[in-house]
Amino acid sequence: MLGDSSAFSTFSTDSVAAATAFYRNVLGLEVEAFDSMGPMLTLHLPGGGRTLIYEKDDHAPATHTVLMFEVADVAAIAQSLGQAGVGLERLGWTDEDGIARAPEMPDTAWFKDPAGNWIGIIAAQ
């Protein structure tokens, strides 16, 4: 039914302006802000995907990972994020440096965007 359709993901923010600055200036993504039915932002993701972020007055941060980036070296990207002022989330299953390492899973780490949404980095397989 939808096998020939294109798809994209969406999630909300409390400020498209703050999201634009974060995703463009901190994470280095190509972004396109616009105001159609309210402030919105399209993230142009590596590999050709895209995500729509929309401003919502009663925004509540997602309690799950809304965006995951596959990277060659989680520790190196985590260090770069830290240098850019982005702290990793320390969870019960992460090391002191905020990276989850398990033999059966790729290294993974999480951080939050300015609106509190969960973003992840995971070692490419």
Side-chain angles (χ1 to χ4, degrees):
M1 178 192 320
L2 297 177
D4 293 329
S5 300
S6 63
F8 61 94
S9 62
T10 68
F11 59 90
S12 69
T13 185
D14 56 355
S15 169
V16 163
T20 299
F22 178 76
Y23 287 100
R24 175 185 289 146
N25 301 335
V26 177
L27 299 188
L29 297 176
E30 181 185 342
V31 301
E32 178 184 354
F34 58 97
D35 195 328
S36 173
M37 299 179 295
M40 297 183 191
L41 166 70
T42 298
L43 300 180
H44 296 278
L45 303 171
R50 61 193 164 104
T51 297
L52 175 72
I53 302 173
Y54 56 94
E55 192 166 299
K56 187 176 176 190
D57 290 335
D58 60 348
H59 165 75
T63 58
H64 61 279
T65 306
V66 296
L67 191 57
M68 184 69 79
F69 291 92
E70 286 187 306
V71 299
D73 186 340
V74 170
I77 297 298
Q79 183 178 15
S80 294
L81 287 167
Q83 291 169 348
V86 178
L88 297 182
E89 295 298 310
R90 296 331 195 250
L91 306 164
W93 55 88
T94 62
D95 291 347
E96 288 182 12
D97 61 1
I99 299 173
R101 295 179 174 90
E104 66 279 0
M105 297 290 294
D107 289 356
T108 309
W110 295 267
F111 57 95
K112 292 182 180 178
D113 75 0
N117 294 308
W118 288 80
I119 311 297
I121 52 176
I122 188 168
Q125 298 287 304

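Side chains are part of it too, since the values below use all heavy atoms of this structure and drop only hydrogens, waters and symmetry mates. Positions are given from 1 along the sequence.
Taking 4.5 Å as the limit, some side-chain heavy atom of E89 sits within range of a side-chain heavy atom of K112. Side-chain contact between T108 and I121: absent, with no pair of heavy atoms (C-beta onward) separated by less than 4.5 Å. In this structure the side chain of F111 reaches within 4.5 angstrom of the side chain of L27, judged on heavy atoms. Counting heavy atoms from C-beta outward, I77 and Q79 have side chains that stay 4.5 Å or more apart. Side-chain contact between I53 and T10: absent, with no pair of heavy atoms (C-beta onward) separated by less than 4.5 Å. Here the side chains of Q125 and P106 are in contact, with some heavy-atom distance below 4.5 Å. Taking the side chain as every heavy atom from C-beta outward, I119 and W110 never approach each other to under 4.5 Å. Contact annotation: the side chain of D113 never approaches that of W118 to less than 4.5 Å [non-hydrogen atoms, C-beta and beyond].
Using a distance-only test at 3.5 Å, with no hydrogens or angles considered, no donor-acceptor pair links the side chain of R50 to the main chain of G48. A donor-acceptor pair under 3.5 Å is absent between the side-chain atoms of D95 and the main chain of R101, judged by distance alone.
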Under the side-chain contact (heavy atoms from CB on, under 4.5 Å) rule, what do E55 and M40 come out as? Steps first, then yes or no, please. CA-CA 6 Å; E55 192 166 299; M40 297 183 191; over 6 Å; no
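In the hydrophobic clustering of ILVMFWY residues, with side-chain heavy atoms under 4.5 Å counting as a link, I99 and W93 come out apart. Note on L67: it does not cluster hydrophobically with I122, by side-chain heavy-atom contacts below 4.5 Å among ILVMFWY residues. Criterion: ILVMFWY side-chain heavy atoms under 4.5 Å apart, direct or through other members. Under it, V86 and V71 are part of a common hydrophobic cluster.
The line from CG of D97 to CG of D107 is 9.0 Å long, rounded to the nearest 0.5 Å. Separation of atoms CG (D14) and CG (N117) is listed at 8.5 Å; rounding is to 0.5 Å. The OH atom of Y23 sits 10.0 Å away from the CG atom of L45 when rounded to the nearest 0.5 Å.
The number of heavy-atom neighbours closer than 6.0 Å to CE of M68, taken from other residues, nucleotides and ligands shown, is above 12. Atom CG of D57 has 12 or fewer heavy atoms from other residues, nucleotides or ligands within 6.0 Å. When the shell of 6.0 Å around CD of E96 is examined, it contains 12 or fewer heavy atoms from other residues, nucleotides or ligands.
Counting all heavy atoms, side chain and backbone alike, A115 lies closest to H59 at O-NE2, 3.0 Å. Closest of all the heavy-atom pairs between V74 and A123 is CG2-N, 3.4 Å.
Remark: of the listed residues L52, T51, V16, V16 is the sole one forming a side-chain contact (heavy atoms from CB on, under 4.5 Å) with L41.
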